J.: 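Starting off with a structure, shown below.
Everything quoted here is computed from the prediction, not taken from an experiment. Both backbone and side-chain heavy atoms feed into the values below; hydrogens, waters and symmetry mates do not.
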Amino acid sequence: MTSAPCAAVTATVPYAGVAMTAPWAAATTATDHLIPWRGGSYSCRVTLPRTAPASVPLLVLGGGLQNRHSWSRLERHLGHRHPLLIPELPPARCRSHLTWDDLTDAALRATDHLGIGHFATLGVSSGYPVAYRLAQQHPERLTALLLFGASPRPGPRLTALIHEGIRRQAPTASPVPLREAAGHPHGAADGHRESAEQLVDVLTNPQAGSACLMIRAAARVLLRQLADSDQDPLVRYVTDRGHLLLDQPLPEGGIEHVRALVGVGEHDTITTIDDNRAVARTIGDATLAVMKHADHLLHMERDADFADLIGRFLHQQPLTTKDTTTPPA
């Protein structure tokens, strides 16, 4: 569909003919916009409060295993207050080998196409390098920067997993485990399950999950979603932008003149508190927030608190609660 340049982002837009039946949907409207970029296009989901908002739009840049429909919980908790722009950026390793700067340009194109001058940006997991570069390269456009699950570089376990995904992606690599070559009728499905388990084991903290129901539940949801994929989840992760994490996710030069929040789950083992603190220290005006009872999937495990923290920061309210601390960055 063709999108109107947005004044549209302060108007009511129908959801492409599909009725929204969730209880919270009455407060918002949503549509998919097609964003032209470099001879192609990609989709961007836009949700709008039904009442004209005074609040700034929030550009949501998710991680490598997420798409524009992955943020229904954030829409439920925050969509009635803020317009949400959720682009599904092109895979970095598909048509051509895109860089972080290319993806940053693509994300900025969504705001330009929709007629949005100023906006806040949320970058989660491997969405953080794009959000960071937006703030670094276009500080005059951003009202706030929010990063969750950020690290200067991937740790050893994730690095090894990315290299395994790159190996599987190679044209000469076998696309499925050897059990299928031997005639196992469920070979591909079993291989996807194995890849899904590898990813979930790295992206979550099973030890913390043994004592925390929310962490266990989020891990089970992610495992089910990845195992049901029609593509090897690890290859999908690498194709999207996982491989770019090996190439300077945190650029040199730092950020000035943008108010920033860097958040992390206390049990995050893939981007630790120290990793997130290191990123925060490259930003002139940054606050570090640590959320209790959460790991790297804090946006799933603590979705209401996650959205509340974002709202508090955007509206310059106190960030510290009984479950969120703000230690020195």
J.: With sequence neighbours left out, which residue pairs that include part of residues 149-164 fulfil the salt bridge (Lys or Arg N to Asp or Glu O under 4.0 Å) condition?
T.: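 Counting only pairs at least two positions apart or across chains, the salt bridge (Lys or Arg N to Asp or Glu O under 4.0 Å) contacts touching residues 149-164 are R157-D201, E164-R167, E164-R168.
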J.: Under 4.5 Å between side-chain heavy atoms, hopping through other hydrophobics if needed: is there a path connecting V221 to V200?
T.: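 Yes, it is one cluster - the side chains of V221 and V200 are joined through contacts under 4.5 Å.
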J.: Measure across Y42 and P87 and return the closest heavy-atom pair with its distance rounded to 0.1 Å.
T.: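 Result for this residue pair: CE1-CB, 3.7 Å.
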J.: Side-chain contact test, heavy atoms from C-beta onward, threshold under 4.5 Å: evaluate it for Y132 versus V279 and give yes or no.
T.: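 The answer is yes; the side chains approach within 4.5 Å.
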J.: Any heavy-atom pair between the side chains of V46 and L48 that's under 4.5 Å?
T.: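 Yes. Closest side-chain heavy atoms under 4.5 Å.
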J.: Work out which heavy atom in T47 is nearest to a heavy atom in A30; give both atom names and the distance.
T.: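 Between these two residues, the closest heavy atoms are CG2-CB, 3.8 Å.
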J.: Could you measure the distance from the CG atom of L89 to the CG atom of L98? Nearest 0.5 Å is fine.
T.: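 So the CG of L89 and the CG of L98 are separated by 9.5 Å.
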J.: Are I270 and L223 connected into the same hydrophobic cluster when the rule is that any two of I, L, V, M, F, W, Y join if their side-chain heavy atoms are below 4.5 Å apart?
T.: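 Yes.
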J.: When you measure from the side chain of E266 to the backbone of H293, do you find a donor-acceptor pair of N or O atoms at a distance under 3.5 Å?
T.: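 Flag set: sc E266 to bb H293 pair under 3.5 Å.
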J.: Given S41 and L34, is the side chain to side chain contact (heavy atoms under 4.5 Å, CB included) satisfied, shown in steps?
T.: CA-CA 6 Å; S41 62; L34 206 58; 3.7 Å; yes
J.: Which heavy atom of D268 sits nearest a heavy atom of G149, and at what distance?
T.: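 For D268 and G149, the tightest heavy-atom pair comes out as OD2-CA, 4.4 Å.
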J.: Going by the rule side chain to side chain donor-acceptor pair (under 3.5 Å), which residues pair with N67 if we only count those two or more places apart in sequence or in a different chain?
T.: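 Only S70 meet the side chain to side chain donor-acceptor pair (under 3.5 Å) criterion with N67.
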J.: Would you mind listing every salt bridge (Lys or Arg N to Asp or Glu O under 4.0 Å) that reaches into residues 205-229, with sequence neighbours excluded?
T.: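 Qualifying pairs, neighbours excluded: none.
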J.: T282 and I255: side chain to side chain contact (heavy atoms under 4.5 Å, CB included), yes or no, with the steps?
T.: CA-CA 7 Å; T282 69; I255 294 173; 5.9 Å; no
J.: Run the side chain to side chain contact (heavy atoms under 4.5 Å, CB included) test against Q316 and tell me which residues pass, sequence neighbours left out.
T.: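 Residues passing side chain to side chain contact (heavy atoms under 4.5 Å, CB included) with Q316: R259.
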J.: Please answer whether the main-chain N or O of G63 pairs with a side-chain N or O of Q66 as donor and acceptor at a distance below 3.5 Å.
T.: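 Side chain of Q66 to backbone of G63: a pair is present.
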J.: Taking only residues two or more places apart in sequence, or in another chain, which ones meet D105 in a salt bridge (Lys or Arg N to Asp or Glu O under 4.0 Å)?
T.: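 Result, salt bridge (Lys or Arg N to Asp or Glu O under 4.0 Å) vs D105: R38.
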J.: I'd like to know whether CD of Q317 has more than 12 heavy-atom contacts from other residues, nucleotides or ligands below 6.0 angstrom.
T.: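 Yes - once you tally the heavy atoms of other residues, nucleotides and ligands closer than 6.0 Å, there are more than 12.
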J.: R133: which residues meet the salt bridge (Lys or Arg N to Asp or Glu O under 4.0 Å) condition with it, sequence neighbours left out?
T.: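 Partners of R133 under the salt bridge (Lys or Arg N to Asp or Glu O under 4.0 Å) test: D101.
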J.: Closer than 3.5 angstrom, by distance alone: can the side chain of H296 be matched with the main-chain N or O of T204 as a donor-acceptor pair?
T.: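 Such a contact is absent between H296 side chain and T204 backbone.
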J.: Is there a donor-acceptor pair under 3.5 Å between the side chain of N276 and the backbone N or O of V262?
T.: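 No.
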J.: Determine whether T104 and D102 make a side-chain contact, defined as any pair of heavy atoms from C-beta on separated by less than 4.5 Å.
T.: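 They are not in contact (no side-chain heavy atoms under 4.5 Å apart), so the answer is no.
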J.: If I take atom CG from residue L61 and atom CG from residue L59, how far apart are they, to the nearest 0.5 angstrom?
T.: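 CG of L59 is found 4.5 Å from CG of L61.
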J.: Can you name the residues that form a side chain to side chain contact (heavy atoms under 4.5 Å, CB included) with P327, not counting sequence neighbours?
T.: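 Counting only residues at least two positions away or on another chain, P327 forms a side chain to side chain contact (heavy atoms under 4.5 Å, CB included) with R277, L288, V290, T325.
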J.: With rounding to the nearest 0.5 angstrom, report the CZ to CD1 distance, R93 to I166.
T.: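 Rounded to the nearest 0.5 Å, the CZ-CD1 separation comes out at 5.0 Å.
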J.: Tell me which pairs pass salt bridge (Lys or Arg N to Asp or Glu O under 4.0 Å) where either residue lies in residues 237-251, with sequence neighbours left out.
T.: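 Those involving residues 237-251 do not exist here.
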J.: Does the R141 side chain pair with the main chain of F119, one donor and one acceptor, at a distance under 3.5 Å?
T.: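 Answer holds: no.
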J.: Quick check: do W100 and P251 have side-chain heavy atoms less than 4.5 Å from each other?
T.: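 SC-SC contact between W100 and P251 ruled out.
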J.: Assess, by modelled atom type and distance only, whether the side chains of H192 and D232 contain a donor and an acceptor separated by less than 3.5 Å.
T.: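 Their side chains do not contain a donor-acceptor pair, so the 3.5 Å distance test is not met.
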J.: Any heavy-atom pair between the side chains of L142 and H118 that's under 4.5 Å?
T.: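 With C-beta onward as the side chain, the pair stays apart.
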J.: Please say yes or no: joined through hydrophobic side-chain contacts below 4.5 Å, possibly via intermediate residues, are L250 and V130 part of one cluster?
T.: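 Yes, because L250 and V130 connect within a single hydrophobic cluster, where side-chain heavy atoms sit under 4.5 Å apart.
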J.: Starting from L122 and following side-chain heavy-atom contacts under 4.5 Å between hydrophobic residues (I, L, V, M, F, W, Y), which residues can be reached?
T.: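 Same cluster as L122: L58, V60, W71, L74, L78, L84, I86, V124, L146, F148, L261, M291, L298, F306, L309, I310, F313, L314, L319.
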J.: Could you list the residues that satisfy ring pair (Phe, Tyr, Trp, His ring centres under 6.0 Å) with H315, not counting sequence neighbours?
T.: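 For H315 the ring pair (Phe, Tyr, Trp, His ring centres under 6.0 Å) partners, ignoring immediate neighbours, are H82.
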J.: How close do P83 and S55 get, counting heavy atoms only, and between which atoms?
T.: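 Shortest heavy-atom contact: CD-O, 3.8 Å.
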J.: CG of L199 to CD of E194: how many Å apart, nearest 0.5 Å?
T.: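 Spacing of CG (L199) from CD (E194) equals 11.5 Å.
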J.: Looking only at non-hydrogen atoms, find the nearest pair between P57 and L85 and report the distance.
T.: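 Looking at all heavy atoms of both residues, the closest pair is CB-CD1, 3.9 Å.
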J.: Looking at every heavy atom in both A107 and L134, which two are closest together, and how far apart are they?
T.: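 Taking A107 first and L134 second, the nearest heavy atoms are CB-CD1, 4.2 Å.
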J.: When rounded to the nearest 0.5 angstrom, what distance separates CD1 in I215 from CG in L297?
T.: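 Going from the CD1 atom of I215 to the CG atom of L297 covers 9.0 Å.
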J.: Does a side-chain N-to-carboxylate-O contact under 4.0 Å join E75 and R45?
T.: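 Result for this pair is yes, salt bridge flagged.
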J.: S151: which residues meet the side chain to side chain donor-acceptor pair (under 3.5 Å) condition with it, sequence neighbours left out?
T.: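 Testing S151 for side chain to side chain donor-acceptor pair (under 3.5 Å), a comparison that skips the adjacent residues, returns none.
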J.: Is the shortest side-chain heavy-atom distance between D275 and P152 below 4.5 Å?
T.: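 D275 vs P152: side chains touch.
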J.: Between CG of L161 and CG of L245, what distance do you get to the nearest 0.5 Å?
T.: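 L161 CG to L245 CG: 11.0 Å, rounded to 0.5 Å.
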J.: Are R50 and T28 close enough that some pair of their side-chain heavy atoms sits under 4.5 Å apart?
T.: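 No, every pair of side-chain atoms sits at 4.5 Å or beyond.
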J.: Counting only heavy atoms not in Q207, do more than 12 sit closer than 6.0 Å to its CD atom?
T.: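 No, CD of Q207 has 12 or fewer neighbouring heavy atoms, counting only those of other groups under 6.0 Å.
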J.: Do R236 and S229 have side chains that get closer than 4.5 Å, going by heavy atoms?
T.: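 With C-beta onward as the side chain, the pair touches.
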J.: What residue pairs, at least two apart or across chains, pass salt bridge (Lys or Arg N to Asp or Glu O under 4.0 Å) with a residue in residues 287-309?
T.: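 Every salt bridge (Lys or Arg N to Asp or Glu O under 4.0 Å) pair that includes a residue of residues 287-309, provided the two are not neighbours, is R73-D303, R76-D303, R302-D305, R302-D323, D308-R312.
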